[in-house]
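One structure is given here, and the rest of the page talks about it.
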Amino acid sequence: MVRGKTQMKRIENPTSRQVTFSKRRNGLLKKAFELSVLCDVEVALIIFSPRGKPYEFASSSMQETIARYLRHTKDNRVKPTEQSMQWQHLKTEAEKMLKKIELLEVSRRKLLGENLGSCTLEELQQIEQQLERSVTRVRARKAKVFKDQIEKLKEKEEVLAAENAKLCEKYGLLPGKGSKEVNENEEANDESNPSSDVETELFIGLPEGRAKRIVQPNSTD
């Protein structure tokens with residue numbers, strides 16, 4: 001005879017319900033025992049009958065297993081009241097942060113010269129003073145940056161001068177003497193060159209022979 005599929009609903013017949021409870025209770029206790037033996041795990045099972053009679057199985061000690069379970073879940077469980085309080089606190093903090101962000105945005109716009117129509121004279125003076133302080137800090141920072149750059153350039157100059165002195169010492173030159181010797185050599189070459197002593201004279205007029213021929217006819221007159 002083929003057994004039909006059991007419907008998952010409450011058995012209305014009390015006798016059938018009691019028989020089913022007894023069979024399945026024993027089967028569940030047996031499965032718990034087999035699980036503890038086969039898998040070497042700690043198992044605790046508690047069942048209450050419809051009349052309130054308890055049935056239990058524990059692979060070791062029921063009290064120790066329950067205490068272990070409570071210790072394990074103590075930190076993970078949060079009471080509903082505590083959870084709601086934490087949620088309310090987070091909500092309040094979020095609202096405060098939104099208000100601060102709005103105030104900072106309004107202040108930023110005013111510093112940029114926007115939305116000044118609703119500002120009073122006192123607020124405008126405060127904005128002006130704040131801008132003056134900001135400009136003072138910017139100028140101070142700018143001066144410091146310039147000073148640091150100048151110090152770095154001076155340090156670089158000293159390093160280059162030291163390297164130049166080492167090179168001059170290596171090649172037997174005095175610092176700054178190389179260019180002077182080049183100039184002296186050029187002047188010596190200019191003096192030794194004969195072409196530098198040649199003088200040229202510019203004469204404007206007719207050649208000498210032709211000038212005599214032109215003068216002689218006039219003398220006959």
Side-chain angles (χ1 to χ4, degrees), residues 71-208 210-211:
R71 288 193 304 270
H72 180 73
T73 58
K74 182 178 180 180
D75 297 334
N76 297 329
R77 289 182 300 174
V78 180
K79 295 182 181 179
T81 54
E82 294 180 356
Q83 187 176 7
S84 61
M85 291 175 62
Q86 291 180 358
W87 174 254
Q88 186 65 31
H89 176 70
L90 292 175
K91 184 178 179 181
T92 304
E93 291 295 326
E95 292 176 354
K96 291 181 179 179
M97 290 298 296
L98 288 175
K99 290 181 180 179
K100 289 181 179 180
I101 292 172
E102 291 177 358
L103 293 175
L104 290 174
E105 182 65 20
V106 172
S107 177
R108 185 186 71 84
R109 290 181 179 276
K110 289 181 179 179
L111 290 175
L112 293 175
E114 301 176 359
N115 300 333
L116 298 177
S118 60
C119 294
T120 62
L121 179 60
E122 184 179 357
E123 290 177 348
L124 292 174
Q125 290 177 348
Q126 291 178 356
I127 293 172
E128 183 180 7
Q129 293 174 0
Q130 187 173 357
L131 289 173
E132 289 176 354
R133 289 193 296 268
S134 299
V135 171
T136 302
R137 287 193 292 268
V138 170
R139 288 176 177 173
R141 177 58 183 170
K142 181 180 177 182
K144 187 177 185 304
V145 171
F146 281 159
K147 184 178 179 181
D148 294 341
Q149 290 181 352
I150 292 172
E151 293 295 331
K152 290 180 180 179
L153 291 175
K154 287 182 179 179
E155 292 177 358
K156 188 175 181 180
E157 181 183 4
E158 292 177 358
V159 172
L160 293 175
E163 292 179 355
N164 186 26
K166 289 181 180 179
L167 291 174
C168 292
E169 183 180 358
K170 181 178 179 181
Y171 294 101
L173 299 176
L174 293 176
K177 185 178 178 181
S179 59
K180 186 182 295 184
E181 290 182 350
V182 171
N183 294 331
E184 292 177 353
N185 292 331
E186 290 180 353
E187 292 177 358
N189 292 330
D190 292 339
E191 292 177 356
S192 61
N193 191 356
S195 61
S196 61
D197 296 334
V198 176
E199 295 181 0
T200 59
E201 182 178 358
L202 180 62
F203 177 79
I204 299 175
L206 295 173
E208 184 178 357
R210 186 175 179 183

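One is the number of the first residue; the rest follow in order along the sequence. Just so you know, these numbers use all the heavy atoms, side chains as well, and skip hydrogens, waters and symmetry mates. Being a predicted model, the structure only gives us computed values, none of them experimental.
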Give the C-alpha distance, both sets of side-chain angles, the deciding distance and a yes or no for side-chain contact (heavy atoms from CB on, under 4.5 Å) between Met85 and His89.
-> CA-CA 6 Å; Met85 291 175 62; His89 176 70; over 6 Å; no

Between Lys110 and Leu116, which heavy-atom pair has the shortest distance, and what is it?
-> O-CD2, 3.7 Å

Value for CG (Leu98) from NZ (Lys96), rounded to nearest 0.5 Å, stands at 12.5 Å

Residues, nucleotides or ligands: over 12 heavy atoms within 6.0 Å of Glu122 CD | no

Has Glu169 got more than 12 heavy atoms of other residues, nucleotides or ligands less than 6.0 Å from its CD?
-> no

Indicate yes or no: at least one non-hydrogen side-chain atom of Ser107 is less than 4.5 angstrom from one of Leu103.
-> no

So which pairs with a foot in residues 126-143 pass salt bridge (Lys or Arg N to Asp or Glu O under 4.0 Å), sequence neighbours left out?
-> none

Sort and list the pairs that fulfil salt bridge (Lys or Arg N to Asp or Glu O under 4.0 Å) and have at least one residue in residues 146-168, not counting sequence neighbours.
-> Lys144-Asp148

With a 4.0 Å cut-off, would you call Glu105 and Arg109 a salt bridge?
-> yes

